[in-house]
J.: 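What follows is a single structure, and I will ask about it in a moment.
Numbering of ligands and ligand atoms starts at 1, following listing order.
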Amino acid sequence: MRAMKRIAVVLLFLAAAASAQTLDQMIDREMPSLLSTYKQLHAAPELSQQEKKTSEFVAAQLRALGYDVTYPFGNYSDQQYSCYGIVAVMKNGAGPMVLVRSDMDALPVEEQTGLAYSSQTKGVMHACGHDVHMTTLLGTAKMLASMKSKWHGTVMLIGQPAEEVVKGADAMLRAGLYEKFGQPDFAIALHDHSSLPAGQIGWFGGWFMASADSLNVTIRGMGGHGASPQSTKDPVVMAAEFVVALQTIVSRETSPLDSAVVTVGSIHGGTKRNIIPDEVQLLMTVRTYKPEVRKRVLASIERIAKAVALSAGVPDDRAPKVELLANESVDATWNDPALAERLGKALTRDMGAANVVKMDPLMVSEDFGRFALDRKIPAVMLNVGTIDPARIASGERLPSLHSSQFVPVPEPTLRGGIKGMTLAVLELLK
Ligand SMILES: [Zn+2]
Ligand SMILES: [Zn+2]
């Protein structure tokens with residue numbers, strides 16, 4: 001009996017090894033065309049809410065693979081733009097439904113990588129690697145369509161526009177994504193990572209990506225001649241004090257065990273060296289995980305702005321304006337711990353421990369979490385490394401996501417992404 005059991009275990013192991021090998025071989029066969037798809041997408045980036053050609057291409061590819069494609073899908077709250085969302089469904093008998101999401105938009109960055117397949121669109125670049133995500137989605141779609149004997153249930157592939165402005169997921173949900181196509185049992189997504197080795201999958205359970213809040217702060221003074229400061233209230237000096245005072249929100253008001261970032265990314269005021277301007281404008285981003293920390297940090301920014309103006313003697317009707325841009329803010333991303341653990345284990349088993357790592361959470365933000373409907377649907381965002389291990393070992397400063405120098409290594413990044421996402425879906429629909 002013991003021997004029988006042992007034989008059964010060995011057979012199971014061999015079967016798992018054989019199927020993993022088959023997946024690698026299948027990816028091998030597709031790799032040349034996937035690489036050319038990736039380079040084509042990289043060379044033709046489109047900004048958020050303008051992903052027309054990109055989405056047309058992805059939708060056509062998914063249709064050709066046998067998916068039931070609805071496109072374009074989604075409604076923005078501001079009707080100014082069309083929403084180029086894609087919903088591609090493949091039903092394969094009874095079983096759970098898994099949503100797999102890729103974003104599609106690029107950034108206003110002038111590419112400086114010198115790659116042969118660099119962006120052909122001036123001032124626009126796939127600097128966040130959403131071209132990696134789309135190619136991974138197409139590769140995963142191909143694998144799942146060719147392995148229908150290995151899974152049961154429904155796959156819902158999402159091509160999401162406007163992630164960088166955190167509007168796309170909302171637009172698709174607002175258009176009735178779940179009412180029309182059913183509510184998934186699980187939602188997963190993949191983002192590339194700018195310091196993990198190419199092809200390695202990273203996973204984490206819990207708060208995984210921060211909330212983001214966009215603020216416009218206007219410090220208002222009373223302008224005048226640069227040689228007569230006594231007859232003005234100088235907003236440049238107040239803005240300088242404000243920026244310095246902000247630094248204590250994280251260092252003195254926030255528990256060292258909580259994460260928070262307060263960044264002033266843009267500051268503008270004045271026209272000429274000898275004129276004290278009427279106002280200075282600051283554009284800020286705030287990142288936190290816990291809702292209570294988020295609330296307190298935002299309140300502190302407002303308090304400090306008002307206090308700086310008060311101490312400078314600015315009259316009440318010229319008090320600073322602190323404006324929170326509701327449609328550019330997004331909640332923190334929660335990776336369902338049980339689902340993350342399950343996928344982490346399955347991928348470690350199927351891809352090998354060297355190719356899967358439990359990673360640290362990130363302070364960047366995402367709107368993928370919206371698909372989870374406030375934690376109603378277990379959702380996990382995985383990461384895939386993009387960097388040549390030799391570069392990591394060299395200790396050089398690696399460009400981050402959104403950098404004009406960000407260069408993912410296409411292979412094995414795509415292989416890791418496609419393998420990881422395919423195996424994740426197979427685990428959930430086995
Ligand atoms: Zn990004
Ligand atoms: Zn991104």
J.: Heavy-atom distance under 4.5 Å between the side chains of S211 and Y289, does that happen here?
T.: no
J.: Run the side chain to side chain contact (heavy atoms under 4.5 Å, CB included) test on T154 and N92 for me, step by step, so that the C-alpha distance in whole Å, both residues' side-chain angles and the decisive distance to 0.1 Å come before the verdict.
T.: CA-CA 6 Å; T154 302; N92 187 26; over 6 Å; no
J.: What is the ring orientation for F371 with Y178, classed by angle as parallel under 30°, tilted 30 to 60°, or perpendicular over 60°?
T.: tilted
J.: Is the Zn ion (ligand 1) less than 2.8 Å from an N/O/S atom of C128, whether that atom is in the backbone or a side chain?
T.: yes
J.: Report, rounded to 10°, the angle at the Zn ion (ligand 1) between the two atoms NE2 (H402) and OE1 (E164).
T.: 90°
J.: Between H133 and the Zn ion (ligand 2), is there a contact where an N/O/S atom of the residue lies under 2.8 Å from the metal?
T.: no
J.: Could you confirm whether E163 has any N/O/S atom lying under 2.8 Å from the Zn ion (ligand 1)?
T.: no
J.: Using the Zn ion (ligand 2) as the apex, give the angle to atoms NE2 (H191) and NE2 (H130), rounded to 10 degrees.
T.: 120°
J.: Quick check on D28: does its CG atom have over 12 non-hydrogen neighbours (other residues, nucleotides or ligands) under 6.0 Å away?
T.: yes
J.: For the pair H42 and H126, name the ring-plane relationship: parallel under 30°, tilted 30 to 60°, perpendicular over 60°.
T.: tilted
